[in-house]
Amino acid sequence: MQRLLFPPFRALKGRQCLQLLAPRAAPRAQCDCIRRPLRPGQYSTISEVALQSGRGTVSLPSKAAERVVGRWLLVCSGTVAGAVILGGVTRLTESGLSMVDWHLIKEMKPPTSQEEWEAEFQRYQQFPEFKILNHDMTLTEFKFIWYMEYSHRMWGRLVGLAYILPAAYFWRKGWLSRGMKGRVLALCGLVCFQGLLGWYMVKSGLEEKSDSHDIPRVSQYRLAAHLGSALVLYCASLWTSLSLLLPPHKLPETRPLLQLRRFAHGTAGLVFLTALSGAFVAGLDAGLVYNSFPKMGESWIPEDLFTFSPILRNVFENPTTVQFDHRILGITSVTAITVLYFLSRRIPLPRRTKMAAVTLLALAYTQVGLGISTLLMYVPTPLAATHQSGSLALLTGALWLMSELRRVPK
């Protein structure tokens, strides 16, 4: 009877009844130490529940959120490009000094009545540009240059709103990772700094200079700083956007690829430096000094290349030297891009990467053609504006190729 009621342990071993008698791992299941696959609608952490309910954030955004942020930054970089192009046209039409004060809100409303326009024109007449250069300007002509500068300033405000308002929304929704939050804060801060730097640049052209009878113009140093910060903002926004939207290629880390990647980075830096040197050309009207190519006048190296003392001043203040440097940088850039293209042909690369290399090469030679044409035709405004826009297109192509060659994060 005892054997019937309590069979030996060996007889029960391996049977299902032994599984009923064995203790369950209830504590582990209750504490949820083992992560199990979740069904749709289930959440493994409190932060995920809070995110779904609209309260709280999550450390890593979803791929869909990354695409939205990437498209937003792509649009932002486009608005910055528009501001750079419009600023170049404003400089070429000599309209940048028509608005003689700066108010964030007040100046958003343009003059509407005849009395308001006459008062605005009278304020402009008190500054050097009117007294020395435009003393015979009519009110109609003043309206044109005023609206050019007004459009540039209003576009700058649009750029600020394009960055700040969506950034606040994405931050509130928790779509930005910790690293992306730092980038977005830096970009928004750079936008605000860019606006203040623009007014600081304009002020340099409104100052009375009793010891100079030259044409009133803004400081070429401040102009270069204004353009340089805009280019940094453009590059940072575009690079971040491409990193989010274009999946990296899993390329084998061979020695030729590493060399190509380093050469692409150096070439992009050279293109950036060439575009920045254009600010000194524009600030000093250096494009009107020697309107011949490939020689400068009758010689390869002009005699007045180092007329200023000390010699370093010539690099930034002598129009002849500034044009000479811009020529050298442009020729060096197109040479480097050509070498980069032929290096890329020696490596098996994805189709999209090859397309980026070909596009960069085509943009480089187009930009050289535009630059030479602008010089030979004495800097006509439409052609010069196209040449300035071409520098942005060339910089875009260089960043695209860099993005295609970037290393896959581990």
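Heavy-atom basis, side chains included; hydrogens, waters and symmetry copies ignored.
Side-chain polar atoms of Arg352 and His249 form a donor-acceptor pair below 3.5 angstrom. A donor-acceptor contact under 3.5 angstrom links the side chains of Ser237 and Tyr163, judged on distance only. Between the side chains of Glu116 and Thr112, a donor-acceptor pair is found at a separation under 3.5 Å. For Tyr147 and Ser98, the side-chain atoms include no donor-acceptor pair closer than 3.5 Å. Checked by atom type, the side-chain pair Thr138/Thr140 shows no donor-acceptor distance below 3.5 Å. Side chains of Ser95 and Thr90: no donor on one and acceptor on the other come within 3.5 Å. In summary, the side chains of Gln114 and Glu118 do present a donor paired with an acceptor at a separation below 3.5 Å, with no hydrogens or angles considered. For His326 and Ser277, the side-chain atoms include at least one donor-acceptor pair closer than 3.5 Å.
Residues Val184 and Trp72 meet the side-chain proximity criterion, which asks for heavy atoms closer than 4.5 Å. Taking the side chain as every heavy atom from C-beta outward, Met296 and Ile301 never approach each other to under 4.5 Å. Contact check for Phe272 versus Leu231: side-chain heavy atoms found under the 4.5 Å cut-off. In this structure, Val191 and Gln194 have side chains that are not in contact, with every pair of non-hydrogen atoms separated by 4.5 Å or more.
Looking at every heavy atom in both residues, Leu97 comes nearest to Val202 through CD2-O, 3.6 Å. In plain terms, the two heavy atoms of Arg91 and Gly283 that are nearest each other are NH2-O, 3.8 Å. Closest non-hydrogen pair, Ile337 versus Leu361, comes out as CG2-CA, 3.9 Å. The two residues Glu208 and Gln126 make their nearest non-hydrogen contact at OE2-O, 3.9 Å. Met99 and Arg153 make their closest contact through O-NH2, 3.1 Å (heavy atoms, listed as atom of the first residue, atom of the second, distance).
Sparse packing is recorded around OH of Tyr200, with 12 or fewer heavy atoms of other residues, nucleotides or ligands lying under 6.0 Å away. Counting heavy-atom neighbours within 6.0 Å of Glu303 CD, excluding the residue itself, gives a total of 12 or less. Environment of CH2 in Trp155: sparse, with no more than 12 heavy atoms of neighbouring residues, nucleotides or ligands closer than 6.0 Å.
The aromatic ring centres of Tyr290 and Trp300 sit 6.0 Å or more apart.
Below 30°, between 30° and 60°, or above 60°: for Phe316 and Phe280 the angle between ring planes is between 30° and 60°, a tilted geometry. Between Tyr150 and Trp146, the two ring planes are parallel [angle under 30°; tilted spans 30° to 60°].
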- Would you sort out whether Arg217 and Asp285 count as a salt bridge (charged side-chain N to carboxylate O under 4.0 Å, His left out), showing the intermediate values? CA-CA 10 Å; Arg217 56 167 61 96; Asp285 288 330; 2.9 Å; yes

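In this structure, the side chain of Asn314 engages the main chain of Ile311 through a donor-acceptor pair within 3.5 Å. At least one donor-acceptor pair under 3.5 Å links the side chain of Asn291 to the backbone N or O of Leu375.
Atoms CG and OG1, from Leu92 and Thr381 in turn, are 5.5 Å apart once rounded to the nearest 0.5 Å.
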